[in-house]
Amino acid sequence: MTRARARGLWALLLVALVAAAVAPGALVLAQGGTLTSRSDLVGLYALRGSLGLRARDWPRRADPCAAWAGVGCRAGRVVSLSVAGLRRTRLARLSPRFDVDGLRNLTRLEAFSAAGFGLPGSIPAWLGAGLAPTLQSLDISACAVSGEIPASALLGLGNLTTLNLAGNQLSGQLPATALPRLTRLRTLNLSRNAFSGALPHAVWSLPGLSVLDVSRNNLTGALPTPGLALPANAQVVDLSGNFFYGGVPETFRRLFAQVLLANISGNYFDGELGVSDGGGGNVSFQLNCFLDVLGQRTQVDCQQFYASRGLPYDGPVIPPAPQPAPSPVRKKHKNLKYILIGAIGGGLLLIAVVAAIVFCFVCSGSTGRRNHQRESGASPSAPSGVSATGTAAATGGTQPSALSANTVKVGDSFAYDQLVNATSGFGENRLIKHGHSGDLYHGVLQDGTAVVVKRITSRVPRKDAYLAELDLFAKGVHETLVPLLGHCLDKEEEKVLVYRFVRNGDLSNALHRKSREENEGLQSLDWIKRLKIATGVAEALCYLHHECSPPMVHRDVQASSILLDDKFDVRLGSLSKVCPQEGEGHQNVITKLLRFSSSRFFWFPICNLPI
C-alpha cells in the first residue's frame with residue numbers, strides 16, 4: 001500500500017469513526033417544532049449578540065427551532081447547537097472572542113459544535129459546570145482557542161462521549177485530574193496543538209475510548225507499564241509527531257495488531273519492535289529509533305535526544321569521529337599562506353592610508369582656494385572632465401561599514417536541542433517559508449511561548465547576514481522592530497535566531513486575504529487599520545534613518561517584511577540587509593576617498609539608493 005493511499009484511508013476512516021461516535025442518540029436534529037422554553041430563548045439571543053451572528057442566519061422575530069441555522073430542538077427545548085459554517089457581522093469580526101455564556105441557559109443541550117468558527121481566547125473555567133449535564137458531544141476544533149485547559153472546564157461533563165479540540169493553539173499540560181472522570185468518552189481528539197508534558201496514564205484506562213488522536217503536539221514520556229492499555233474496542237490510535245520515548249510494551253504491540261489505524265511515527269521510541277518494515281496498511285512506525293525497522297531516525301539523532309534528557313538509550317552508541325593530526329608539511333604550507341595574506345593585506349592598508357592622507361591634502365588645498373575665491377567674489381570653476389552633476393552623484397552614498405555583533409547584549413542564548421524540540425526537529429509541518437536569509441519555522445518553547453525560529457544553513461547565500469540583525473538589535477530594542485528573543489550560535493555551520501510569534505502574519509497576506517475565504521480568527525483590514533499600519537512603517541523607518549547612530553537603511557521594505565501583531569501594530573522584519581548610511585556630518589576620510597573614486601568609475605553603493 002502506498003503512503004498516499006494509506007493517508008487517504010486514514011483520513012476517511014477517522015472521519016467515519018468520529019461521525020459514528022456522534023451519531024448515537026440523534027444529537028444533531030433537524031429543525032422543526034416550536035421553542036417553548038423562555039430560558040432557551042434568552043440563551044440563544046445572548047449567543048446571537050456575543051458571537052455577532054448575522055440576521056440572515058438567525059433572523060429576529062422568527063422561531064429559532066424553525067428558522068435559525070444550526071439549532072435543533074426536541075419537545076420545545078434546544079438539544080443541539082452548531083455555529084460551524086456561520087459568519088459574524090462585519091462589526092463583530094473586528095473583535096472576535098470566546099464568549100459563549102448563553103450556553104448556560106440551554107439546560108437540555110446534548111451537542112455543541114463550533115468547528116472552524118473563530119473563538120480566539122482561552123477556554124472559560126466555568127465551561128464544565130455551566131454546560132448542561134446532558135451534553136454528549138463538544139466540538140471546538142480549529143477555533144483559534146489558546147492557553148491551557150482549566151481542570152474545572154471538564155468537570156461535570158460525565159456524559160460526554162466526543163471531545164474534539166484539534167487544530168487550536170492550546171498549550172500547557174493536559175488536566176490529569178479531569179480526564180479520568182470522562183468515563184463515557186469514546187472519541188478524544190487533541191491533535192495539532194502545543195500541549196506539553198506527559199499524556200496522563202488514566203487516558204489509557206478510559207473504558208469506552210475507541211478513537212485517540214494526540215498527534216502533532218509536544219507531548220513526551222514513555223508508554224505506561226504493561227498493565228495499562230486502551231480497551232479492546234479501540235479503533236484509532238495516533239501518537240505521531242510528539243516526543244514519546246522508550247520501548248513499546250507487549251500490550252501495545254497486541255493493540256496495534258487489532259486496531260484499524262495506528263500511527264506512532266515521528267517520535268523517539270527505541271528498542272526492537274518485532275516487525276520487518278516501517279509499517280504498512282493500518283500501522284505506521286516511521287521516524288523512530290527502532291533497531292529492527294526500516295525508515296528510522298539516524299543513530300546520532302536518537303543518541304543526542306536521549307543524552308539531552310539524561311535517559312538510557314537502548315541502541316548502539318556512536319563515538320565521535322577522531323580528528324586526524326595535521327601533517328608537518330601541511331601545517332608549514334598553512335603558515336606560509338597566512339604570512340602571504342598578512343603581507344599583502346598590510347601593503348594594501350599602507351597604500352590606502354597614504355592615498356587617504358594625499359587626498360586630505362588635496363581636498364584641503366582645493367577647499368582653501370574655493371574659500372579664497374568666494375571671499376574675493378570669484379566663482380570657482382569645476383575641474384576639467386568632472387561635471388557638477390557627476391560630483392553630486394559621487395557624494396550620494398557611502399559603503400556600509402563592517403558589521404560586528406555584540407551577542408552579549410542581544411536577547412537570550414538558547415540551546416540548539418531546545419530549539420529542535422520547539423520546532424519538532426525542524427519538521428516540514430512546522431515550516432513557514434524558505435526566506436532569502438534563512439528558513440522560518442513555527443515553534444513553541446517549553447513554557448508555551450509561541451516563537452518563529454530562523455534557521456541559517458549553507459543553503460543561504462550570505463550566511464553572515466544574521467550579524468546585521470544582531471548588530472542592529474545591539475544598538476537597542478525598538479517597539480516597531482520584530483521582537484528578537486534570542487539566538488543560538490553554538491554550531492559553526494548553522495546559526496539560529498528566535499523571534500516572538502506575531503499573530504496576524506505579514507502585510508502581504510493581510511492585503512490579499514479574500515473576505516469570503518477569511519478565517520474567522522483573523523481580522524480584515526479596514527481604512528483605520530491601513531492608516532495605523534502606514535504610520536507604523538513610517539515610525540520604523542524614521543527610527544532607522546534618524547535615531548540610529550549611524551543612520552541605517554533597510555533595503556528590503558516590502559509587504560512581506562511588514563509584520564502585524566494582534567493589535568495590528570507594525571513589527572518591521574527582514575532585517576538581514578540593514579546597513580549603515582553615513583551623512584555629511586559622519587563621513588570619514590576613507591568614505592570621502594571612495595566618493596572620489598565613485599565619480600571616476602560611476603560606482604554607486606546599493607546601500608545609499610533612495611527608498
Side-chain angles (χ1 to χ4, degrees), residues 17-18 20-25 27 79-81 98 100-101 103-104 106-114 119 122-141 143 145 147-166 168 170-191 193-215 217 219-225 227-239 242 251-252 255:
L17 289 171
V18 173
V22 179
L27 298 182
V79 294
S80 68
L81 178 62
F98 199 134
V100 292
D101 286 7
L103 292 177
R104 299 189 188 205
L106 308 180
T107 56
R108 299 288 181 87
L109 191 65
E110 298 176 11
F112 174 69
S113 174
L119 294 174
S122 57
I123 297 177
W126 60 261
L127 194 67
L131 293 177
T134 57
L135 190 70
Q136 300 179 35
S137 176
L138 179 61
D139 185 352
I140 51 176
S141 59
C143 294
V145 183
E148 300 184 3
I149 302 179
S152 59
L154 299 180
L155 297 178
L157 301 178
N159 289 319
L160 202 64
T161 60
T162 299
L163 178 60
N164 190 353
L165 305 177
N168 286 293
L170 295 168
S171 59
Q173 297 187 355
L174 297 174
T177 58
L179 286 175
R181 301 190 182 185
L182 306 178
T183 55
R184 297 188 179 184
L185 200 63
R186 293 198 295 268
T187 299
L188 178 60
N189 191 346
L190 306 175
S191 62
N193 281 286
F195 291 117
S196 58
L199 182 64
H201 285 183
V203 172
W204 303 105
S205 300
L206 293 174
L209 195 63
S210 60
V211 176
L212 174 63
D213 189 351
V214 293
S215 60
N217 279 282
L219 297 173
T220 186
L223 293 179
T225 57
L228 292 175
L230 284 175
N233 62 335
Q235 300 296 317
V236 174
V237 179
D238 193 347
L239 310 179
N242 284 284
T251 53
F252 282 90
L255 171 69

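All residue numbers refer to positions in the sequence shown, counting from 1. Predicted model only: the values in this text are computed from it and were never measured.
Pairing each heavy atom of A151 with each of P175, the nearest pair is CA-CB, 4.0 Å. Closest of all the heavy-atom pairs between L106 and A132 is O-CB, 3.5 Å. When all heavy atoms are compared, the tightest approach of G128 to L157 is O-CD2, 3.9 Å. A pairwise comparison of heavy atoms in T183 and G158 identifies OG1-O, 4.5 Å as the closest pair. For F98 against P124, the heavy-atom pair with the smallest separation is CE2-CD, 3.8 Å. Of all non-hydrogen atoms in V145 and I123, the two that sit nearest each other are CG1-CG1, 3.6 Å.
Looking at T134, its side chain does come within 3.5 Å of a backbone N or O of L109 through a donor-acceptor pair. Of the possible donor and acceptor atoms, none in the side chain of S215 sits under 3.5 Å from a partner among the backbone N and O of S191. Within the 3.5 Å criterion, the main-chain N or O of L170 finds a donor-acceptor partner in the side chain of N193. With hydrogens and angles disregarded, no donor-acceptor distance shorter than 3.5 Å links the side chain of S210 to the backbone of Q235.
Checking N189, L190, N164 one by one against D213, the side chain to side chain contact (heavy atoms under 4.5 Å, CB included) holds for a single residue, N189. Each of N217, V214, L219 was scored for a side chain to side chain contact (heavy atoms under 4.5 Å, CB included) with L239, with one residue passing: V214.
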List the steps, then state whether side chain to side chain contact (heavy atoms under 4.5 Å, CB included) holds for L154 with L163. CA-CA 10 Å; L154 299 180; L163 178 60; 4.2 Å; yes
Stepwise, does the side chain to side chain contact (heavy atoms under 4.5 Å, CB included) test hold for L165 with I140? CA-CA 5 Å; L165 305 177; I140 51 176; 3.2 Å; yes
Walk me through whether L188 and L182 qualify under side chain to side chain contact (heavy atoms under 4.5 Å, CB included). CA-CA 10 Å; L188 178 60; L182 306 178; 6.0 Å; no
Go through L209 and V203 one step at a time and tell me if the side chain to side chain contact (heavy atoms under 4.5 Å, CB included) criterion holds. CA-CA 9 Å; L209 195 63; V203 172; 4.2 Å; yes
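Atom CG of D101 and atom CG of L127 lie 10.0 Å apart (nearest 0.5 Å). Summarising the geometry, atom CD belonging to E148 is positioned 10.0 Å from atom CG belonging to L174; distances are rounded to the nearest 0.5 Å. Note that the OG1 atom of T162 and the CZ atom of R186 stand 6.5 Å from one another [nearest 0.5 Å]. Atom-to-atom distance recorded for L103:CG and L81:CG is 6.5 Å, nearest 0.5 angstrom.
Using a 4.5 Å cut-off on side-chain heavy atoms (C-beta onward), L199 and N242 make no contact. With contacts defined as side-chain heavy-atom distances shorter than 4.5 Å, the pair P150/W126 does not qualify.
More than 12 heavy atoms of other residues, nucleotides or ligands sit less than 6.0 Å from atom CZ of R104.
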